[in-house]
Each structure stands twice: as structure tokens, then as C-alpha cells.
Amino acid sequence: MRVEVFADRAALSQAAAAFIKDAADQAVRQRGVFSLALAGGSTPLETYRLIGLDPTFPWGETQLFWGDERCVPAEHPDSNRGAALKALGPPEALPSDNIHPIRGRLSPQEAAQDYEWRLKGFFAEQGRPAFDLVILGLGPDGHVASLFPGGPGLSEGSAWVIPVAAPSGIEPQVPRVSLSLWAINQARQVLLMISGAAKAPVVERLRGGEAPDLPAALVRPQEELVLYLDRDAAGD
Ligand code: 6PG
């Protein structure tokens with residue numbers, strides 16, 4: 001695991017954009033394709049804007065996925081797909097066929113099945129969801145993607161994608177669809193982006209090893225877990 005702390009969210013966003021660009025260049029050099037799963041939430045939006053503006057980003061070779069989605073139409077302000085694509089631009093160089101959203105308009109069960117089926121087609125050769133990079137945010141309760149503490153998708157199983165009911169207190173209160181923990185852990189790299197003082201208490205718990213069962217503590221990708229925090233989230 002590699003942990004880096006940045007002065008503020010702007011610095012974190014820039015560093016994350018550079019990290020994603022490096023991962024993309026390396027994947028394209030080695031395998032000719034870069035499979036990237038984006039996070040929902042607000043923290044990575046500035047990073048998406050920065051990579052969307054980067055004329056040297058290999059968009060033609062990038063295949064874009066999402067780690068989770070809220071079950072709302074793409075035009076809805078709570079849609080992870082809508083928010084990410086708006087922040088990205090999306091860049092003209094990204095072919096529309098390379099965009100693989102979770103269909104939030106469907107019921108959670110249908111959307112999960114549909115997404116799992118499309119992922120199994122895309123990763124047919126590997127036989128597992130071997131994303132080059134999965135980006136995650138961290139919820140104040142320790143959730144990542146839509147994997148909530150004590151919720152579904154955390155134990156070893158055959159599901160790549162699961163439907164999830166929003167636990168009470170989680171906004172927005174809509175059902176979600178998420179990669180399972182197992183699926184996230186098949187990725188080569190995971191970049192966990194954490195910003196703001198509201199995240200400091202959960203970061204503290206994770207750091208002290210007091211919360212080994214929190215979803216964020218269970219993320220173990222195949223090659224590297226990278227944590228980018230700003231100073232407010234890192235606390236002391
Ligand atoms: C979602 C997410 C979720 C998010 C965290 C952090 O759909 O809500 O994927 O896991 O990344 O809740 O959200 P913020 O970046 O907005 O704090």
C-alpha cells in the first residue's frame with residue numbers, strides 16, 4: 001500500500017490526474033488497452049475534469065466503466081455516470097462505444113445482471129474483472145463504491161456485480177448497483193481518493209487498524225493499493 005498526503009483537494013486532484021494518466025500510458029504500452037472504473041461521489045470530479053482536458057490522454061484506447069451507480073436515470077443529478085461524464089467533458093477522443101455505464105434506469109437487480117453480463121463479455125479472455133485501475137472514494141462510514149459496512153457484496157462469492165439497498169442515513173436514499181469486493185480486488189490497481197475533514201474520523205479508525213471489517217479496509221487489489229488524501233482527511 002502506498003499513502004500520499006496532499007496540502008488540499010486541488011493538489012490531490014492534480015496528483016490523481018497524473019497518476020491515472022501514468023496508469024493509462026503504461027496499460028496501453030503493455031496491453032494496448034486501459035480499462036478504468038470510475039468512482040461516484042464528489043471527490044474525484046475535479047480529477048475527471050483534468051484528465052478530460054488532457055490532450056495526451058489515450059482516450060481512444062480507454063474503456064470506461066463505473067464501480068457503482070445509483071438507480072436513477074443518467075440525466076438525474078445523483079447519477080454517477082451523468083456526473084462523471086459531465087466532469088470529463090466527455091473528451092471527443094473517447095469513442096462512445098468505449099463507455100460502459102451501469103444502467104441506473106433499470107431496477108437494481110436488472111441493472112446488476114446487465115452490467116455483470118457486459119463485464120463478463122469484456123473480460124471474457126481473463127475470466128475475471130481484471131480492471132487496470134479502479135478509482136474509489138471513501139464514505140464517512142467506511143464504505144467504498146456501494147459496499148456498506150455489514151452490507152452485501154463483501155464476502156467471497158460468484159457475483160461480480162450486486163444490487164444494494166441504501167442503508168438508512170446514506171444519501172441519496174436510492175438503491176444502488178456495485179461491483180462486489182471480490183470484483184474490485186481483481187483490479188491491478190486501486191486508487192482511493194479521500195478529501196475533507198468529515199473523513200478524518202474514519203481515516204483515523206482505518207489507520208489504527210481498529211476497523212478491520214470496514215469495506216475500505218478490505219480492498220486488496222492484485223498489484224497496488226494507492227491512497228491519496230488531503231491534509232484535512234489525514235487529520236494529525
Ligand atoms: C457513491 C460512491 C461512494 C463515494 C463515497 C465518497 O456512489 O456515492 O461511489 O462510494 O465514492 O461516498 O463520496 P464523496 O467523494 O462525495 O465524499
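Order of listing sets the numbers, starting from 1, for every ligand and every atom in it.
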- 4.0 Å heavy-atom contact, Arg176 with ligand 1: yes
- For ligand 1, which atoms sit closer than 4.0 Å to a heavy atom of His143? 3 (C), 5 (C), 10 (O), 12 (O)
- Task: Please write down residue, atom name and distance for the protein heavy atom closest to atom 6 (C) of ligand 1.
- Result: Leu138 O, 3.5 Å
- Task: Identify, by atom number and element, the atoms of ligand 1 in contact range of Asn80, meaning under 4.0 Å from any of its heavy atoms.
- Result: 1 (C), 7 (O)
- With a 4.0 Å cut-off on heavy atoms, does Lys199 reach ligand 1? yes
- Task: Look only at interatomic distance and state if Ala145 has a nitrogen or oxygen under 3.5 Å from any nitrogen or oxygen of ligand 1.
- Result: yes
- Which residue and non-hydrogen atom of the protein lie closest to atom 2 (C) of ligand 1, and at what distance in Å? Asp68 OD2, 3.5 Å
- Query: Numbering the atoms of ligand 1 from 1, which are under 4.0 Å from a heavy atom of Gly137?
  - Reply: 11 (O)
- Closest protein heavy atom to atom 8 (O) of ligand 1, given as residue, atom name and distance to 0.1 Å: Arg70 NH2, 2.8 Å
- Short version for Met193: what comes under 4.0 Å of ligand 1, heavy atoms counted, is neither
- Do Gly40 and ligand 1 have an N or O pair less than 3.5 Å apart? yes
- Task: Test Glu223 against Gln189 for side-chain hydrogen bond (donor to acceptor under 3.5 Å, both in side chains), laying out the working first.
- Result: CA-CA 6 Å; Glu223 290 178 13; Gln189 288 182 300; over 6 Å; no
- Quick one: nearest non-hydrogen protein atom to atom 13 (O) of ligand 1, plus distance? Gly41 CA, 3.8 Å
- Message: Can you confirm, on distance only, whether ligand 1 has an N/O atom lying under 3.5 Å from any N/O atom belonging to Ser146?
- Response: no
